[in-house]
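Since the model is a prediction, treat every value here as computed from it, not as a measurement. By convention in this document, chain letters (A, B, ...) are assigned in the order of the sequence lines, proteins followed by strands, and residues within each chain are numbered from 1.
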Number of protein chains: 2
Amino acid sequence: MLNIYSIIMGVSKVEIYPQHINDIAQIAKVFSHPARVAILQYISIQESCICNDIVEEIGLSQSTISQHLKVINNAGLLQGTFEGKKICYCINIERFEMFQKIFDTFFNRTKQNCC
Amino acid sequence: MLNIYSIIMGVSKVEIYPQHINDIAQIAKVFSHPARVAILQYISIQESCICNDIVEEIGLSQSTISQHLKVINNAGLLQGTFEGKKICYCINIERFEMFQKIFDTFFNRTKQNCC
DNA sequence: ATTTAACATCGCAATATTACGATAATATAA
DNA sequence: TTATATTATCGTAATATTGCGATGTTAAAT
């Protein structure tokens with residue numbers, strides 16, 4: 001049977017879900033690649049958040065790290081300050097805590113009614 | 001410059017990260033698609049966990065739902081009991097809580113040292 | 001003004017993911 | 001046995017993601 005609406009294969013049908021479901025999925029996506037988890041951990045460990053030895057630390061190319069940083073940044077998880085030609089990355093704690101809370105709420109709500 | 005090791009493009013280099021980083025990423029991946037979040041939520045809402053109206057509820061094809069269920073199941077998040085030809089899905093709460101804890105610990109640890 | 005250093009972006013190649021219909025498998029019902 | 005209903009799997013098509021080197025961009029250093 002054919003769908004009247006043109007189905008674009010391989011594309012998540014984001015429009016069929018309520019907002020809060022899409023939110024959780026989108027947040028989870030940020031953490032769904034080990035490089036991004038490692039980057040977040042590394043940034044958090046650095047005192048005074050002076051970065052980009054990240055490239056050497058993680059072991060991916062500079063362009064790849066930069067791409068992952070963009071994903072993290074687009075999620076609103078970074079606060080950057082410029083120090084000359086260096087960029088000093090730092091985690092946006094408020095946003096980070098918001099994500100933590102969204103996850104936690106989802107887990108608690110889901111557990112609530114279950115067998 | 002060329003890498004001595006044959007680089008397989010498009011593949012996550014999972015082997016360069018510590019276990020606990022990969023664990024978090026893999027868990028996050030389960031929740032990184034809205035269909036899977038929606039499925040988990042739906043299963044949790046049903047009393048006595050009698051399922052598979054999921055297909056109609058979510059609005060994806062039966063085969064697609066089945067695939068997503070497989071991902072959720074492979075993560076150890078489902079407990080299934082058979083009721084005749086129906087399968088009665090239910091969330092594995094212990095495992096679910098484990099995931100919640102892993103996320104929470106990651107968030108707390110990461111927040112700890114930050115600016 | 002040139003060079004250098006730190007990042008970002010572009011373009012490409014390859015795998016991964018998502019979606020569907022069709023089909024297979026299994027168990028009850030007729 | 002045959003039909004029906006439920007779920008899983010296969011095959012395919014298309015987008016998404018991941019990775020790299022090369023190239024831009026910008027600001028300090030020479």
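- Between A/Y89 and the phosphate of C/dA6, there is no side-chain N or O to OP1/OP2 separation shorter than 4.0 Å.
- What separates CD of A/Q62 from C1' of D/dT18 is a distance of 16 Å, to the nearest Å.
- Here the side chain of A/S66 pairs no donor or acceptor atom with the backbone of A/Q62 at under 3.5 angstrom.
- In terms of heavy-atom proximity, B/I91 sits nearest to B/L40 at CD1-O, 3.6 Å.
- Closest heavy-atom contact between A/I58 and A/A38: CD1-CB, 3.6 Å.
- The distance between atom CD1 of B/I65 and atom P of D/dA8, rounded to the nearest whole Å, is 11 Å.
- Minimum atom distance to the side chain of A/V11 is reached by D/dT15, of the listed C/dA22, D/dT15, D/dG19.
- For D/dG19, one of the phosphate oxygens OP1 or OP2 lies less than 4.0 angstrom from a side-chain nitrogen or oxygen of A/H68.
- Taking the side chain as every heavy atom from C-beta outward, A/L60 and B/I16 approach each other to under 4.5 Å.
- A heavy atom closer than 4.0 Å to some atom of DNA chain C occurs in no member of residues 24-35 of chain A.
- The aromatic rings of A/H33 and A/H68 are tilted relative to each other, their planes meeting at an angle between 30° and 60°.
- C/dC20 atom P lies 12 Å from atom CD1 of B/I58, rounded to whole Å.
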